[in-house]
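Working notes, structure below.
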Amino acid sequence: MDQAAIRRKLTRWYDRARRDLPWRRTSDPYAIWVSEIMLQQTRVVAVIPYYERFLKRFPRVEDLAQAAEAEVLSLWSGLGYYSRARNMQKAARQIVEAGGFPRDYESIRALAGVGDYTAAAVASIAFGLPHAAIDGNVRRVVMRLAGDPSVDVGATATQLMSRRDPGRWNQGVMELGAVVCLPREPLCAGCPVSGECEAHRLGIQRNLPPPKKKPAIVRKERSLLVIRRKGRILLTPSARVSGFWELPEVFPGVRLGTKLGAFRHAITNSQYYFEVREARIATRPRECRWWDENKLGEIPLSTAAKKALRCLNASSIAP
DNA sequence: GAGACGTGGAA
DNA sequence: TTTCCAAGTCT
């Protein structure tokens, strides 16, 4: 591998690619950190509106530290991996207590919800520190450049990394992986470093990284209940995602009514088939609460509950 | 170290 | 329609 050529061509390519990403326009470590947390296992197009809404509401880390958890979760609702939001607020309070955003790798790594990848990304992008950020994109790009699935990705990425601008390099490799060096069908014709790529030379780029075995999808059928009384609707605290509210499922003493709709909802390795059904109760289960139907926008509602309420609204418009 | 954790877009 | 999996972290 001609490392210098790879470094030069790839950073030059990155300087011209995707200049519109909102987090490329900031040098605020807090904003960069927010973007990196949101981008964990989440596509750029999904993150952009959340990122902008989040920073508008919480422009400074102090604002996030002082916010109510329910509001943070509301702003996060729909993004997934909600422990990220809770950890972020925990970390925001750590930061405020420490008197400012941490400025070295170890201190950044110590924040709640920040692992090796995010610490390296923030340290390099916000502070120019020479830490290679290793994510799924970097693993794929490095394995392909080396043409070898057993290559030491961390060591190779560190060797390749620009010492002059580690943040630009890290983002460049990730961006290349995201838009050119795609997992299934890499766009080698448009790749700035295909001439330096060993996998491309050997024609094995589609086989790298080797496929991982997938756990079986479990299918589950459930009912979500719409129990209304005087403009209010019964919700139960989410058992899965604490801080969120759900429509109740079947429980002892409930009387089921007509079916209002159905939808699918996938959660990790489970594929749920939900039917939405009217229901009535004599006594309210202890954990449940009545919520004003006009104020549901103000509380953290699970995505499944939102989908269910959507078919509810559709049916009330066209009964 | 395997498994859990969310969601939605692309193939 | 189903399958894959994305700027990972935590337990």
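Candidate nucleotides dA7(C), dT9(C), dT7(B) were compared by shortest atom distance to the side chain of Asp135(A), and dA7(C) ranks first. Side-chain proximity of Arg184(A) to the nucleotides dG8(C), dA6(C), dA10(B) is greatest for dA10(B). Comparing atom distances between the Thr42(A) side chain and each of dA10(B), dG6(B), dT2(C) picks out dG6(B) as nearest. Residue Thr303(A) places its side chain closer to dG8(B) than to any other of dT2(C), dC5(B), dG8(B). With dG9(B), dT9(C), dT7(B) as the candidates, the nucleotide lying closest to the side chain of Arg43(A) is dG9(B).
dC5(C) and dA4(B) have their C1' atoms separated by 16 Å, given to the nearest Å. Distance noted for atom P between dG3(B) and dA7(C): 24 Å (whole Å). Here the separation of dT11(C) from dG1(B), taken at their C1' atoms, is 11 Å to the nearest Å. Spacing of C1' atoms, dT1(C) relative to dG8(B), comes out at 16 Å, to the nearest Å.
Leu79(A) comes within 4.0 angstrom of a base, heavy atoms only. Among the heavy atoms of the strands, none lies under 4.0 Å from Glu185(A). Using a 4.0 Å heavy-atom distance criterion, Arg139(A) is classed as making no nucleic acid contact. If you check every strand for non-hydrogen atoms under 4.0 Å, Gly78(A) touches sugar and phosphate atoms only. Heavy atoms of Trp23(A) sit under 4.0 angstrom from at least one base atom. Residue Ala178(A) is in sugar-phosphate contact alone, with no base atom involved, counting any heavy-atom pair closer than 4.0 Å across all strands shown. Among the atoms of the strands shown, only primed sugar atoms or phosphate atoms (P, OP1, OP2) are found under 4.0 Å from some heavy atom of Val114(A). Across all strands, Asn170(A) comes closer than 4.0 Å to no nucleic acid atom at all (heavy-atom distances).
Note: Trp33(A) and Phe101(A) have perpendicular aromatic rings, judged against thresholds of 30 and 60 degrees for the angle between ring planes. The aromatic rings of Phe263(A) and Phe274(A) are tilted relative to each other, their planes meeting at an angle between 30° and 60°.
Side chain of Gln89(A) to main chain of Ala67(A): a donor-acceptor pair is present (N/O by atom type, distance under 3.5 Å, no hydrogens or angles). Judged by distance alone, the side chain of Arg84(A) and the main-chain N or O of Met38(A) form a donor-acceptor pair under 3.5 Å.
At whole-Å resolution of the value, OH in Tyr81(A) and P in dG3(B) are 15 Å apart. Rounded to whole angstrom, the span from the CE atom of Met88(A) across to the P atom of dC10(C) amounts to 13 Å. Put simply, CD on Gln40(A) is 12 Å from C1' on dC5(B), counting in whole angstrom units. Spacing between atom CG of Leu182(A) and atom P of dC5(C) amounts to 12 Å, rounded to whole angstrom units. Straight-line distance from the CD atom of Gln41(A) to the C1' atom of dC4(C): 13 Å, rounded to whole Å. Between the CD atom of Glu175(A) and the C1' atom of dA7(C) there is a distance of 9 Å, rounded to whole Å. Protein atom OH of Tyr50(A) is 17 Å distant from nucleotide atom C1' of dA7(C), rounded to whole Å. Atom CD in Glu36(A) sits roughly 14 Å away from atom C1' in dT9(C) (whole-Å rounding).
Place Arg264(A) and Val44(A) on DNA chain C by their nearest nucleotides, and Arg264(A) ends up nearer the 5' end. Nearest-nucleotide assignment on DNA chain C puts the 5′-proximal partner with Ser35(A), out of Ser35(A) and Gly113(A).
Proximity of His265(A) to the phosphate of dG6(B): no side-chain N or O atom is located under 4.0 Å from OP1 or OP2. Between Tyr82(A) and dT7(B) there is a side-chain polar atom (N or O) within less than 4.0 angstrom of OP1 or OP2. The side chain of Arg84(A) places no N or O atom within less than 4.0 Å of a non-bridging phosphate oxygen (OP1 or OP2) of dC10(C).
A cation-pi geometry, defined here as NZ or CZ lying under 6.0 Å from the six-membered ring centre and within 45° of its normal, does not hold between Arg109(A) and Tyr105(A).
No more than 12 heavy-atom neighbours from other residues, nucleotides or ligands sit within 6.0 angstrom of CZ on Arg164(A). Around atom CZ of Arg19(A), no more than 12 heavy atoms belonging to other residues, nucleotides or ligands sit under 6.0 Å away.
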